[in-house]
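The structure under discussion appears below in the form of structure tokens.
Every chain is numbered from 1 and lettered A, B, ... according to where its sequence line falls, protein lines coming before strand lines. Because the structure is a prediction, the values reported are computed rather than measured.
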4 protein chains.
Amino acid sequence: MQVNRGPAADDEDRRERDRATFTNAARRAQIVDAAIETIADLGYAGASFARIADRAGLSSTRLISYHFAGKDDLTAEVLRMIQARFADVVRPKVAAQTTARGTLNAFLDANIEFLRTNRSHLVSMVEIARSASLVRRIAPADRGRTGADLAGLEQLLREGQRSGEFGEFDPAVLAVFVLSLRNAVVDAYARRPDLDLDAYARELRQLVNRATAGPATR
Amino acid sequence: MQVNRGPAADDEDRRERDRATFTNAARRAQIVDAAIETIADLGYAGASFARIADRAGLSSTRLISYHFAGKDDLTAEVLRMIQARFADVVRPKVAAQTTARGTLNAFLDANIEFLRTNRSHLVSMVEIARSASLVRRIAPADRGRTGADLAGLEQLLREGQRSGEFGEFDPAVLAVFVLSLRNAVVDAYARRPDLDLDAYARELRQLVNRATAGPATR
Amino acid sequence: MQVNRGPAADDEDRRERDRATFTNAARRAQIVDAAIETIADLGYAGASFARIADRAGLSSTRLISYHFAGKDDLTAEVLRMIQARFADVVRPKVAAQTTARGTLNAFLDANIEFLRTNRSHLVSMVEIARSASLVRRIAPADRGRTGADLAGLEQLLREGQRSGEFGEFDPAVLAVFVLSLRNAVVDAYARRPDLDLDAYARELRQLVNRATAGPATR
Amino acid sequence: MQVNRGPAADDEDRRERDRATFTNAARRAQIVDAAIETIADLGYAGASFARIADRAGLSSTRLISYHFAGKDDLTAEVLRMIQARFADVVRPKVAAQTTARGTLNAFLDANIEFLRTNRSHLVSMVEIARSASLVRRIAPADRGRTGADLAGLEQLLREGQRSGEFGEFDPAVLAVFVLSLRNAVVDAYARRPDLDLDAYARELRQLVNRATAGPATR
DNA sequence: TATGAATGAGCCTTCATTCAT
DNA sequence: AATGAATGAAGGCTCATTCAT
């Protein structure tokens with residue numbers, strides 16, 4: 001039941017009104033950003049409203065409840081925000097490609113670049129995705145959001161096979177694997193910010209390319 | 001004033017006294033097993049003492065606090081138990097191998113087998129490792145335990161390169177990647193127990209072998 | 001410093017200014033109506049500003065606070081509104097009667113009719129009266145309002161006795177009882193809108209007439 | 001989900017273990033009694049854990065959560081306790097009767113007596129029944145508990161009609177009315193402890209007897 | 001070896017209301 | 001005439017842990 005009634009009120013009018021007002025949007029963004037940092041730092045379970053409010057410099061957690069319908073709503077918004085920024089980086093790089101392999105490599109590179117410039121974003125995303133997989137409380141819509149990469153990747157792999165660029169493998173499984181490798185880099189970087197990201201990027205590229213290599217390439 | 005510490009009291013006398021008594025060990029094992037199941041089911045964050053006690057059929061969480069110094073201690077014991085059973089499966093398979101590639105494949109196969117027969121164990125292990133990576137509360141000693149596989153794997157990869165069986169790659173990074181792929185299989189299986197584990201096993205083997213392939217193989 | 005008090009500010013100028021402006025009155029009525037529905041639906045305790053605003057289609061509870069000095073003020077207005085509409089139905093019916101018994105039956109019938117046509121109004125009224133009896137937060141003036149029926153009824157019973165139409169009973173107590181029977185019908189109808197209201201009406205009439213029957217009648 | 005794990009743990013073993021230990025039972029009873037007083041005083045909505053703990057002289061509300069699975073559980077226990085004590089008073093009086101009218105009057109008298117000696121109990125019961133009717137959160141089992149009187153009363157009325165002791169009326173409806181009259185007495189007494197309970201008792205008896213009077217009686 | 005009893009801190013959410021345009 | 005923004009207090013509940021047998 002949806003009650004007292006910050007601007008988070010309804011799904012329909014939120015779009016219209018909420019985003020409209022400047023202060024409101026700014027506050028929301030401020031909270032979302034603080035949430036992203038906090039999740040990246042302490043994990044999803046550790047990111048309590050109190051901790052988020054703390055980081056955002058808010059006087060009370062009430063302000064979060066005011067701007068978001070609940071923790072799930074905040075999480076969904078966090079995911080939306082991350083995905084949007086992520087797409088800004090990834091999409092242009094990917095769109096510029098004509099071959100499946102080019103697209104695949106562009107995707108990997110874009111991930112690394114996004115990780116480098118927006119570390120907490122990608123760390124948060126991975127962390128949320130993980131928690132969401134066990135705790136089933138995320139809305140179907142946002143669950144889809146989490147899985148968007150996966151579906152797209154699988155399709156890309158399938159196309160590469162059809163065009164003869166890629167070799168033999170199970171596209172559904174390999175998509176899972178490729179994402180898990182991406183996540184491994186994110187994890188490692190989350191744990192040690194002084195990580196040699198370039199080395200990981202190189203190995204990631206090499207590994208994925210070997211995994212997808214066609215007969216000709218080998 | 002020093003009151004009721006339970007057998008978990010000190011690290012030194014624990015060894016001596018605890019292990020000695022039979023009932024005690026049985027209770028501990030019962031709790032650890034319940035913890036493993038609970039973690040596999042609800043995640044590390046979801047595995048509260050209450051939930052573990054529930055599954056173990058204990059009337060109060062007090063019994064857990066009695067047998068373990070705290071949640072970290074229980075977690076450490078869980079890890080120890082899993083690792084022990086894991087080693088029982090993996091070590092003989094690995095020991096029978098003479099080549100680096102043989103060892104690597106044996107390791108992968110053993111993992112899959114262990115996952116198939118002890119699903120909750122491996123799921124728990126991965127879950128704990130992940131949580132521990134963000135929340136830094138695990139004792140250094142046990143952190144090492146989590147990383148045992150990693151170190152061994154890296155060494156194996158390095159040896160394979162030295163012997164010429166394996167191609168070029170960064171052994172430290174690839175070790176991380178290989179484990180992350182293993183974990184991906186575990187994750188997928190945790191989410192959907194009806195998973196086609198064989199398909200994942202095949203792809204895992206293929207992927208890892210391609211990643212380590214030497215010039216001759218290619 | 002005196003800031004933004006809204007039209008509800010003082011008791012004196014409210015009358016003058018408020019009622020004057022048309023929009024204002026319309027808004028107030030809209031809120032009061034939403035409050036009535038909400039109370040009837042969720043009970044007095046469940047009728048939070050948020051829920052009322054929801055039903056009224058308001059974007060924030062602020063509008064309620066703006067038009068009413070507080071929850072008690074809104075409740076009082078709700079009561080006033082209900083009572084006014086109730087009087088519109090009851091008074092003419094009652095006024096047309098010449099005997100005490102006729103008046104009594106007309107009162108009962110009018111209650112049933114009002115319940116049938118304005119279910120939420122009577123349900124709300126009963127609900128508020130009940131809550132107000134335990135939680136003493138209603139202004140004395142409005143407490144009287146709740147008891148208006150009671151006093152009138154008692155007087156009617158007394159007159160019927162004096163005229164010889166009614167038998168022997170304690171008029172003060174019977175007034176309480178008659179209203180409680182009326183409330184029982186309201187309660188039952190509130191719980192099950194598919195109630196056979198006619199059956200209840202018949203029984204109510206019969207019961208009250210037997211209770212007040214004079215020696216001759218028996 | 002049922003977690004941490006006071007003695008309230010499961011429904012099955014609660015019976016066995018809980019009640020067994022003396023201290024535990026005493027605490028539970030203490031809390032239940034405080035809850036009864038609080039509900040009678042402030043209404044169901046006003047009876048927060050904090051207020052109950054206050055009245056019971058507990059240091060924190062946590063003790064309530066420890067002994068009861070939640071507010072619903074406490075409420076159910078309150079109902080159970082009241083009903084038990086109520087039955088102790090009513091049942092023997094009712095059982096001693098041979099006629100339907102005798103039973104009916106005994107029931108009414110017993111209610112008045114119980115109200116006189118255990119005011120807060122009956123007040124609480126009525127208050128809970130009311131809240132439960134609007135807020136649908138009470139377990140079906142306890143909902144039945146609330147309605148037990150009603151069903152029994154209806155049956156009694158029906159029997160009295162069959163035996164010719166009672167006149168014509170709708171037994172289901174009259175049962176509702178009779179209970180509502182009882183509740184009216186309770187309400188009145190709750191509001192004014194200095195009430196002339198005898199007068200109310202007399203009128204209640206008279207009213208109900210007139211309502212059920214057979215042709216011969218009239 | 002086991003437990004019953006209790007606890008302080010923290011969780012998210014909801015409450016009516018106020019400050020400032 | 002209306003709103004956007006914010007708030008302190010309280011709500012029930014769950015956490016791992018401790019005191020006392």
For A50(A), which residues count as a side-chain contact (heavy atoms from CB on, under 4.5 Å) partner, sequence neighbours excluded?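 Residues passing side-chain contact (heavy atoms from CB on, under 4.5 Å) with A50(A): S48(A), T61(A).
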Listed partners of A45(C) passing side-chain contact (heavy atoms from CB on, under 4.5 Å), at least two apart: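 A45(C) satisfies side-chain contact (heavy atoms from CB on, under 4.5 Å) with A45(D) only.
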Looking just at side-chain N and O atoms, do Y44(C) and S124(C) make a donor-acceptor pair shorter than 3.5 Å?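 The criterion, which ignores hydrogens and geometry beyond distance, is not satisfied for S124(C) and Y44(C).
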Just how far is it from atom CZ of R80(C) to atom CD1 of I82(C), taken to the nearest 0.5 Å?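 Going from CZ on R80(C) over to CD1 on I82(C), the span is 12.0 Å.
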With rounding to the nearest 0.5 angstrom, report the CD to CD1 distance, E37(D) to I52(D).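 Going from CD on E37(D) over to CD1 on I52(D), the span is 11.5 Å.
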Is there a side-chain polar atom (N or O) of [X] under 4.0 Å from OP1 or OP2 of [N]?
X	N	result
T61(B)	dT17(F)	no
N24(A)	dG4(F)	no
S60(C)	dA2(F)	no
H67(A)	dA6(F)	yes
R27(D)	dA6(E)	yes

For DNA chain E, which residues of residues 46-55 of chain A approach it to below 4.0 angstrom with any heavy atom?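 Those residues are S48(A), F49(A), A50(A).
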Just the dot-bracket of DNA chain F, please: which string comes out with Watson-Crick or G-U pairs under 3.5 Å, [ ] for crossing, | for another strand? .||||||||||||||||||||
Do R62(B) side-chain and dT18(F) base share a donor-acceptor contact under 3.5 Å?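 By the distance-only test, yes, there is a pair.
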Can you sort out the partners of R55(A) under side-chain hydrogen bond (donor to acceptor under 3.5 Å, both in side chains), two or more places apart, ordered by chain and number?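 Checked R55(A) against side-chain hydrogen bond (donor to acceptor under 3.5 Å, both in side chains); matches are T38(A), D41(A).
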